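I have placed the structure first, in the form of structure tokens, so that the comments after it can refer back to it.
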Amino acid sequence: MMRFSILGLVAAKGAFASSVDGLYKLTSVDAPVKGRDSGTPGLNFEWAFSVDDTPSGHRQTVRGFGATVTDGTVELFNELSDPTRSALLDELLAENGAKFNMMRHTIAASEMSPEPAYTYDDANGTVDTPFRHFNISERGRNMALLLAEMTAKQPELTIVGSSWSPPAWMKENGDLRENLYMGNNVLNQSYATQFAQYFVRYIHAYGGRNAKVNAFTIQNQPLYTSAGVPSMSMSADESAKLIQEDIGPALHDAGLQTEIWAYDGNTDTPQYPQTVLDGASKYVKAVAWQCHAVADNNWTALTDFHDKNSDIDQYMTNCWTSSTDKWSQAADFTIGPLLNWGKGVMAWALGTDGQNGPHLDGQGVCETCHGLVVVDVGSDTYELQVDYYMMAQFSKFIPKDSIVLSSNDETCGEACDLHKSLEAVVTLSPDGSRVAVIVNKLANDTYVTLHTTGNQTWSGLVYGASVVTWVLPAVGA
Ligand SMILES: *[C@@H]1O[C@H](CO)[C@@H](O)[C@H](O)[C@H]1NC(C)=O
Ligand SMILES: *[C@@H]1O[C@H](CO)[C@@H](O)[C@H](O)[C@H]1NC(C)=O
Ligand SMILES: *[C@@H]1O[C@H](CO)[C@@H](O)[C@H](O)[C@H]1NC(C)=O
Ligand SMILES: *[C@@H]1O[C@H](CO)[C@@H](O)[C@H](O)[C@H]1NC(C)=O
Ligand SMILES: *[C@@H]1O[C@H](CO)[C@@H](O)[C@H](O)[C@H]1NC(C)=O
Ligand SMILES: *[C@@H]1O[C@H](CO)[C@@H](O)[C@H](O)[C@H]1NC(C)=O
């Protein structure tokens, strides 16, 4: 347990933990001490790491953390009573909650939409080049209003849209999903101009409802199509051409500053975003990565990408959370990108019901994925999942514009035998304080020591199977 005397030792500003056993939930625990507590080491596993907290250690700035607002999320949140809904939004966004400040949202239907699938221009089988039927409809309106409400709670909110499929009439198969008999789940290039205008209209429609879209990706998972869920295949060359010749210019002509993020797919195909960047560098601000090809939390593809494209921002835009996965799933997909130049991290669904829905009926839907929060409309309650707490260990303590510091494992004794059982990331907050988030996947409590380039040592006990955040004072404070 985390109990030791700090008499005669300098304590940090605070420490907070969340553990898989539920004993700690963003709970204040014993702060680490400056130097080493001579009593405790030796009794526990030990691990040490070092951080460069001088200017030479400065890496990327952090933009934020959050999850994806799906149609299902909106529907469930809106069925809660006003007091419960407001309390939930506070736990997600407010100062006394997780302080999530980055939300992705689905541009029309995704697999986490109640039936039927739809887009913002369903023209009833006709080709609608003049956009006579364009309408974000009731579901789009409710989503925009929820994002606007979130912005009111969290003024620094970054909103990122992603499309699963454009309107059927723009596609060669005339369908939102993969049509097994026809194939061709691709954009009809004759409608490239309309494809670009579709995004301009969507951004205007949301902006008009006080949901300012800061960034978007033109196609979720462009290398994956499905007969069950809205999807569309798009090659890297096609994506580059569309952004360079149609979408980038359309945003510019509309006076929109909305960032275009390339790719939005898995880390096993880094040549895709490279091709998009090479062909549309004028308009691409960032690369969006997803986790579905990542084994053992290996996010080094982002560092490789940074080495070749140091001026391009990188984000982790989609990774599932599920009760059938390891407890550290959300901690892993948050710390991994941060340690590899990622500026922000978004989980997949923000909210689901107790049956991992609502979702579309078709194949390709994750039947075991739950949201960061599980909502029970019948009893007007919600339950924050372990994944919420694991992400909040980062989001609550690492403010926007923090700087990630370069860090390394040191000697770690027994803990080292267990591959990546301990990981830590250290950030420098705008107010000068330093924040260390330590993920301990060992079942055992572990005595952790942090050495800084500024010659400080901080140490303390980190509870087994937990994530612990140390808030350390500014250098010299
Ligand atoms: C959709 O098209 C069908 C047949 O083409 C027509 O009967 C129906 O009235 C149309 N619906 C709307 C809402 O326009
Ligand atoms: C858009 O859709 C909403 C809800 O489905 C409907 O009430 C509204 O009349 C539509 N607007 C237009 C311009 O058709
Ligand atoms: C693409 O759209 C053009 C213009 O409407 C049309 O002539 C063509 O048949 C479409 N191609 C496919 C494969 O649907
Ligand atoms: C992580 O993936 C990279 C390829 O991106 C590979 O070279 C490296 O060996 C992997 N590291 C681990 C620990 O699996
Ligand atoms: C680690 O935990 C196991 C199981 O609780 C226990 O038997 C063992 O003594 C612990 N090891 C150390 C070094 O604390
Ligand atoms: C830290 O200690 C080392 C070795 O004692 C010394 O060379 C270095 O100058 C010190 N750095 C700072 C920032 O005090």
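Small disclaimer: the values here were computed from a predicted structure and weren't measured. This chain uses plain numbering: 1 for the first residue, then up along the sequence.
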Which atom names give the shortest non-hydrogen contact between [X] and [Y], and what distance separates them?
X	Y	result
A15	A31	CB-CA, 3.7 Å
V284	I312	O-CD1, 3.8 Å
N444	T446	O-OG1, 3.2 Å
C366	H359	O-CD2, 4.4 Å
A424	L339	O-CD2, 3.5 Å
P473	K13	CA-CD, 3.7 Å

Got more than 12 heavy atoms from elsewhere within 6.0 Å of [atom1], [X]?
X	atom1	answer
K285	NZ	no
K241	NZ	no
Q271	CD	yes

[Y] side chain reached by [X] side chain, heavy atoms, under 4.5 Å:
X	Y	value
D313	W261	no
V468	F16	no
L350	T70	no

So, [X] and [Y]: side-chain donor and acceptor under 3.5 Å apart, yes or no?
X	Y	value
S162	T217	yes
T449	R36	yes
W458	Q456	yes
Q219	W164	no
H292	Q221	yes
N298	T300	yes
D52	H58	no
Y463	D21	yes
K343	T61	yes

Is the [X] ring parallel, tilted or perpendicular to the [Y] ring (thresholds 30°, 60°)?
X	Y	answer
W289	F305	perpendicular
Y202	F216	perpendicular
Y388	F100	perpendicular

Do the side chain of [X] and the main chain of [Y] share a donor and acceptor less than 3.5 angstrom apart?
X	Y	result
N440	S466	no
S19	A465	no
T352	G371	yes
S322	T368	yes

Next on the checklist: Here's a test for you: under side-chain contact (heavy atoms from CB on, under 4.5 Å), which of L450, V426, V435 qualifies with W470?
Outcome noted: L450
Checklist entry - Step by step, would you call K153 with E95 a salt bridge (Lys or Arg N to Asp or Glu O under 4.0 Å)? => result CA-CA 9 Å; K153 297 249 184 209; E95 190 66 27; over 6 Å; no
Next on the checklist: Would you compute the distance between atom CG of L89 and atom CE of M150 and round it to the nearest 0.5 angstrom?
Outcome noted: 5.5 Å
Item to check | Distance, nearest 0.5 Å, that separates OH of Y272 from CG of D264 | outcome: 9.5 Å
Strictly below 4.0 Å, N to O, side chains only: are [X] and [Y] in salt-bridge contact?
X	Y	result
E91	K99	no
E156	R63	no
K441	D332	yes

Next on the checklist: Determine whether the aromatic ring centres of residues F49 and W47 are separated by less than 6.0 angstrom.
Outcome noted: yes
Checklist entry - Can H252 and Y283 be said to form a ring pair (Phe, Tyr, Trp, His ring centres under 6.0 Å), step by step? => result CA-CA 9 Å; H252 179 264; Y283 296 110; 7.6 Å; no
